[in-house]
Amino acid sequence: MSSGNLKPVVLAIGGLDPSGGAGIIADVSAIAAAGCKPAAAVTSMTFQNSDKVAGAEHLTADAVCRQVHAVLGEHNVAAVKTGMLPTAEIAQLVAGIVAKRSLANLVIDPVLRSTSGYELIDKAALDVLLSDLLPLATLITPNVPEIESITGISIENIDDIRAAADILHKQGAGNILLKGGHLPPSINTDAKGKRVSSDFLFENGQMTVLAGEFIPSANVRGTGCMLASSIAAYLASGDLLAEAVRRAKEFVYRIIRAA
Ligand code: PLP
């Protein structure tokens, strides 16, 4: 059954940050800002604000399953964005549904821990994410600590970036967007010596450097969530991957500048 709405529906699956800084609330706002209709399934109720993550109560896989099926029962979902998938059971469930329903335009934000250091998912969940969900994805969007943790490579130069992307590629990632926000200045400096903030897009192994402006005072939470959700929304609207990434980066820049 379809509700007949004209906007493409984008389903965000992830954790709820009640303070609205990251997670599902950031996802939903980015999806709506990109002109799509947001739908959401909550995997974990986290207790956090900008100061700290004080804890989390994860939902059961069954509770996540029932939310996702409620969405799929009403909407034709045009893209899926995953964030915090805290347990192996939830990661397995999401992979199973994406595969069984042939859901397109899956964007994985491989959320591991909060900036303050709180572990948002367990190791078994990451293993399932990599083995079962990654091969189904259009794009995975790690930041530097995430790709280092997943691949075991410490990123210090462009060769490290290529090697880490290669490992993810071999693990089944078709396309990878490495977010460069945490890169050392030695990588994030342009030909004129000016500090930049570059991201690295690998499409089927082909690297494109997406140079961006470095904004020193940026202290906005949820930018990773918003970027991945915005990409999913532009993919749902019919953009090719590189264009979806370009438009999503522009959106997140506007948010950071406004902050
Ligand atoms: N909490 C949830 C539910 C998230 O999904 C994320 C990141 O995706 C975070 C916290 C981490 O946010 P931050 O890096 O701003 O601490």
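Just so we're clear, the structure is a prediction, and the values are computed from it rather than from any experiment. We count ligands from 1, going down the list as the structure has it; atoms in each ligand are counted the same way.
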Is a salt bridge present between Asp17 and Arg221, judged by a nitrogen-to-oxygen distance below 4.0 Å? yes
Check ion pair Glu146-Arg113 (N to O, under 4.0 angstrom): no
Ser116-ligand 1 polar pair, N/O distance under 3.5 Å: no
If hydrogens are left out, which of Leu120, Val111, Asp27 has an atom nearest to atom 9 (C) of ligand 1, that is, the closest non-hydrogen atom? Leu120
Closest non-hydrogen atoms of Leu120 and His58, given as atom of the first, atom of the second and distance, are O-CE1, 4.0 Å
If I apply the N/O under 3.5 Å rule, does Thr115 come out as touching ligand 1? yes
Rounded to the nearest 0.5 Å, what separation is found between the CD1 atom of Ile187 and the OG atom of Ser198? 9.5 Å
Mind checking whether Ser114 contacts ligand 1 via backbone (N, CA, C, O), side chain (CB onward), both or neither, at a 4.0 Å heavy-atom cut-off? both
Between the side chains of Glu250 and Arg247, is the shortest nitrogen-to-carboxylate-oxygen separation below 4.0 Å, so that they form an ion pair? no
For ligand 1, which atoms have a heavy atom of Gly15 less than 4.0 angstrom away? 3 (C)
Under 4.0 angstrom from ligand 1, any heavy atom of Cys225? yes
Strictly under 4.0 Å, does any heavy atom of Gly224 approach an atom of ligand 1? no
Assess the side chains of Thr46 and Ser44: does a donor N or O sit below 3.5 Å from an acceptor N or O? no
